[in-house]
Amino acid sequence: MTTAAHPSAPLTVPAARGGCPFDPPPAYEQARDEQALSRVQLWDGSTCWMVTRHADIRSVLRDQRFSADASRPGFPFLSAGRRALTTDLPTFIRMDDPAHARLRRMLTADFMIRKVAAMRPAVQAVADDLLDRMTAGPGRTADLVAEFALPLPSVVICLLLGVPYAEHAFFQECSSTMLRTDAPPEEVSGAQKRLLDFLTGLARAKRSAPDDDIISRLVAQGELDDEEIASMGRLLLVAGHETTANMTSLSVLAMLREPAQAERLRQAARQDAEGDGTALDTAVEELLRYLTVVHSGLSRVAVEDVEVGGTLVRAGEGVLCMLGTGNRDEAAFPDGDQLDLERPGARRHLAFGFGVHQCLGQPLARLELRVALPAVLDRLPGLRLAVPFEDLRFRHEMAVYGLHELPVAW
C-alpha cells in the first residue's frame, strides 16, 4: 500500500480535452494508465484524490465509508458555483443512508422498469411531434438541440412531475446556470433559489388542486413539506432533461461521424420494431459508455481510512470518480476508445454511477434514447451537419457535457 502518488504532471480539474471531443481529457487517461489514484488540484487550490480505473471507481461508489454528504469537511467541489449549491436542504444524492434511502424510496415506484416501459407510446408521440414541427418549415436545416434533443426529455419529465411545460424556458435557463462550472457563485445560488421558489409554489398549489403526477403524490403523502418537495423536484427536473438531452445530441453527432455505426443502429431499431430489442439495448448502452456526459467526476469524501487500488485514502480526504476514464478502461472494455454498437458487456459502464446512489432515472433515460435515436435516423436518413465539425461548441464548462447547438441539414 502507498500513501502518496507522484503523477508525471500536475493534474487539475477541469482539464482540457484532446483532439477528439468525445474522449476524456488525455491527462486523465494518462493518469489512469500510470497509477490507480492520482492527486488532483481543484479550483480553490485544495487537492483531492482522482480515481480513474473502472474497478476502483466501482469500489469507491459502493463503499459506504465514502460519503456523498457535501457538508462534510474535505468534500471536493468542482467549482465555487458547485459549492454554492450546497444548502441546508440538500437533495438525497447529497445524503448518506438511512436519510438517502428514505427519500429515494418515495420515488422508486415512479421509475421502475415496467412502469417506465408503459410510457413508451407517450414518449414516441412526443418524439414524432417534435420531428414533425422541426421538418414542417420551408427550410431543411435546424438546431437539433433546441428543436428535438432538449424538448423531448423536458416534456417527458414535466409530465411526470406535474410541471407546466410552458415554463420550460425558465427552468432550462435556471438549470443551465446551475450546471456551469465557470459561473459566479451568486449567479448559481440565485438560479437555484428561483427554481426552488417556483417549485415550492407549485407544490403549494397542488395541495388544493392535485393531479396525477409525482409532486401531487408527494404532497398527498404528507411526509415532506413544500420546500422539501421542491428540493426533490429540482433534482428530478434538472437531471431529467439535461443528461438525456446531451446524450441524444452527442449520440446523433457520433452517428453522423460514423455512418457504419449509424447503419447498425438503424438495423437494431428495425429488429426492435419486430420484437427483438436486444441489439438496440446494446447500442444504447455502448453510446452511454462511449460518450459519458457526466464527465467531471462524482465527488465523495472518506469518513475513515480506506485503501483503494493499493493507495491509502485517509479519513477527511476527498475523491473524484472520473466516470469517463473508467468507461474507457481497457481492463474493463477492450479497445475502449472505439465505438462499437455491438460491444458485448457494454452495460457494465458507469455512465449512471454505481452503488446506492446509482441514477434513479436510468430506465427513463434508456427509454428516451431508445425512442429518440431511431426516430431521428429513420425520419431523416440524409441527416448531415450544417456547419463544419470544427465550428461546433461543446459544453466544456458544464457539469453535464454535450453540445450547445447541433446545426443539421437533411
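Because the structure is a prediction, the values reported are computed rather than measured.
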Decide whether a cation-pi geometry holds between Arg39 and Trp49; the criteria are a distance under 6.0 Å from NZ or CZ to the six-membered ring centre and an angle within 45° of the ring axis. yes
For the residue pair Arg58 and Phe354, would you count it as a cation-pi contact if the rule is NZ or CZ under 6.0 angstrom from the ring centre and within 45 degrees of the ring axis? yes
When you look at CD1 of Ile113, are more than 12 heavy atoms from neighbouring residues, nucleotides or ligands closer to it than 6.0 Å? no
Between Gln267 and Glu263, is any side-chain donor less than 3.5 angstrom from a side-chain acceptor? no
Distance only, no hydrogens: is a donor on one side chain within 3.5 Å (strictly under) of an acceptor on the other, for Asp197 and Thr200? no
Looking just at side-chain N and O atoms, do Glu330 and His54 make a donor-acceptor pair shorter than 3.5 Å? no
Taking atom types as modelled and ignoring hydrogens, do the side chains of Thr292 and Asn327 form a donor-acceptor contact shorter than 3.5 angstrom? yes
Apply the test salt bridge (Lys or Arg N to Asp or Glu O under 4.0 Å) to residues Glu285 and Arg348: give CA-CA distance (whole Å), side-chain angles for both, the deciding distance (0.1 Å), then the verdict. CA-CA 9 Å; Glu285 298 305 321; Arg348 295 181 65 245; over 6 Å; no
Ring centres under 6.0 Å, that's the criterion: do Phe170 and Phe198 meet it? yes
Between Phe22 and Phe394, how do the two ring planes meet: parallel, tilted or perpendicular, split at 30° and 60°? perpendicular
Any donor-acceptor N or O pair under 3.5 Å, side chains Arg366, Gln362: yes
Would you call the rings of His168 and Phe171 parallel, tilted or perpendicular if under 30° counts as parallel and over 60° as perpendicular? perpendicular
When you measure from the centre of the six-membered ring of Phe333, is the NZ or CZ of Arg328 under 6.0 Å away and within 45° of the axis? no
Within the 3.5 Å criterion, strictly below it, is a donor on Asp69 or Ser67 matched to an acceptor on the partner's side chain? no
Would you please say whether a donor-acceptor pair under 3.5 Å links the side chains of Thr248 and Glu368? no
Of all heavy-atom pairs linking Val238 and Ser175, the shortest is CG2-CB, 3.7 Å
Where Leu367 and Val116 come nearest, the two heavy atoms and their spacing: CD2-O, 3.3 Å
CG of Asp391: more than 12 outside heavy atoms within 6.0 angstrom? yes
Between Glu173 and Thr177, is there a side-chain donor-acceptor contact under 3.5 Å, judged purely by atom types and distance? yes
Lys/Arg N to Asp/Glu carboxylate O, Arg395 vs Glu405, below 4.0 Å: no
Would Arg257 and Phe389 count as a cation-pi pair here, with the cationic atom under 6.0 angstrom from the ring centre and within 45° of the axis? yes
Lys/Arg-Asp/Glu bridge criterion (N-O < 4.0 Å) met for Asp132, Arg379: yes
Looking only at side chains, do His357 and Arg94 share a donor and an acceptor under 3.5 Å apart? no
